[in-house]
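All ligand and atom numbering here is 1-based and tracks the order in the structure. This is a predicted model, so every value here is computed, not measured.
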Amino acid sequence: MKTQTLGQFIIEKQADFPFAKGELSRLLRDIGIAAKIVNREVNKAGLVEILGETGTTNIQGERVKKLDVFANDQFIAALSAGGEVCAIASEENDEIIPIDSEVSKSARYVVAMDPLDGSSNIDVNVSVGTIFSIYRRTTLSGPGTVEDFMQRGTEQVAAGYIIYGSSCMLVYTTGKGVNGFTLDPSIGEFCLSHPNMQTPKMGHVYSVNEGNYLHFPEGVKKYIKYCQDEDKATNRPFSSRYIGSGVADIHRNLIVGGIYIYPTTTKSPKGKLRLLYECNPLAFIIEQAGGKATTGGKRIMEVDIKELHQRTPLFCGSSEMVDMAMDFMTKYTKEKV
Ligand code: P6P
């Protein structure tokens, strides 16, 4: 296959967005630039003194690792300089970051991101990722406001993730399918490696932190037992694969098929994952790849967002597996999700 860089691909697809006049293309380019810089640091994290912790905690109450801060800074800098964004929301920042610069005066987009998802895995050399979601601003002018982020996932104009693993991949959608690009370090470019990604309707992998089993809704407990039962006709038992880095688990399941579940637990009664910058962008990608993403009750992208760091349960992946898990939730779980 002829090498096609992310930049070439974006320009080629720009015709899909006559209204965008290149802004969206430039925005995706800016994200690609920051991703390359973060990847370079993630790759040498073991060597350079940026492991360990800053001694601070973020709004999630999670201890912030230096690479979190570095990644957050890189994406904010690249997006601010690019001039297409009037505000950024980040897992690492309690409040939104309004962009009020000369270059961003006519900016029409806002970006929500988790700059380094799964960062607790950094010190043990396990894949981590960045997740991003792009909306058109709803306010008229000036720096963006939190209002610009109070939009359902169905309003996203683009979404994607970068996975810093055995190779660095950028996967994104603009609503016309999902395409994956692998970083070629020899030329410093993301090159199209996974055109038009489609997730299998059925898979044999389930990803859930079974350490929380006792605190799961009854429907999840029953579904896990279903996955573990012996049944040749349906290739059960399925395999349990849980990395603790959602981007890595969901990326694997996207490619080979599977279901990822982070349900409500007694510790996280609304679920753990964040709607704005984790679940909505992942849901957009998964649906564009032919999969499904729900709260266990309703479509993720139709959940109304009321606050920036709102949590939600997440069931996502192969459509037939999500449907099956929903059936168990309907049959056995009383609480509304
Ligand atoms: P637990 C990472 O913090 C994350 O948001 C997801 O990437 C990951 O799947 C999940 O939380 C891990 O959470 O509670 O199983 O350690």
J.: Among all the protein's non-hydrogen atoms, which is closest to atom 15 (O) of ligand 1, and how far away is it?
T.: Y242 OH, 2.6 Å

J.: What residue and atom, counting heavy atoms only, is the protein's closest point to atom 14 (O) of ligand 1, and at what distance?
T.: Y262 OH, 2.6 Å

J.: For the pair R299 and E287, find out whether any cationic side-chain nitrogen is under 4.0 Å from an anionic carboxylate oxygen.
T.: yes

J.: If you measure every N/O of G244 against every N/O of ligand 1, is any gap under 3.5 Å?
T.: no

J.: I'd like to know whether ligand 1 has D117 as a neighbour, heavy-atom separation below 4.0 Å.
T.: yes

J.: Of the protein's non-hydrogen atoms, which lies at the shortest distance from atom 6 (C) of ligand 1, and what is that distance?
T.: G246 N, 3.4 Å

J.: Considering only heavy atoms of N209, which atoms of ligand 1 have at least one such atom less than 4.0 Å away?
T.: 1 (P), 14 (O), 15 (O)

J.: Can you tell which part of S245 has a heavy atom less than 4.0 Å from ligand 1: side chain, backbone, both or neither?
T.: backbone

J.: I'd like to know if R26 pairs up with E84 as an ion pair, taking the criterion as any Lys NZ or Arg NE/NH1/NH2 lying under 4.0 Å from an Asp or Glu carboxylate oxygen.
T.: yes

J.: What's the shortest heavy-atom distance between R152 and V303, and which atoms?
T.: CG-O, 3.7 Å

J.: N212 versus ligand 1: do any nitrogen or oxygen atoms come within less than 3.5 Å of each other?
T.: no

J.: For the backbone of R40 and the side chain of N43, can you confirm whether one donor and one acceptor N or O come within less than 3.5 Å of each other?
T.: no

J.: May I ask you to list the atoms of ligand 1 that are less than 4.0 angstrom from any heavy atom of G118?
T.: 2 (C)

J.: What do you reckon, does R274 put a non-hydrogen atom under 4.0 Å from ligand 1?
T.: no

J.: Using the ring-ring contact (aromatic ring centres under 6.0 Å, His included) rule, pick out the option among Y260, Y164, Y161 that qualifies with H251.
T.: Y161

J.: Please list the nearest protein heavy atom to atom 11 (O) of ligand 1 with its residue and the distance rounded to 0.1 Å.
T.: K272 NZ, 3.0 Å

J.: At what distance is the nearest protein heavy atom to atom 9 (O) of ligand 1, and which residue and atom is it?
T.: Y260 OH, 2.6 Å

J.: If you take the centroid of each ring, where Trp contributes its six-membered ring, are Y223 and F328 closer together than 6.0 Å?
T.: yes

J.: Under 3.5 Å, is there a donor-acceptor pair between the Q228 and E210 side chains?
T.: yes

J.: Taking 4.0 angstrom as the limit, do D249 and R241 come out as a salt bridge?
T.: no

J.: Show the atoms of ligand 1 that are less than 4.0 angstrom away from any heavy atom in E278.
T.: 5 (O)

J.: Kindly indicate whether a cation-pi arrangement holds for K225 with Y213, taking the cut-offs as under 6.0 Å to the six-membered ring centre and within 45° of the axis.
T.: yes

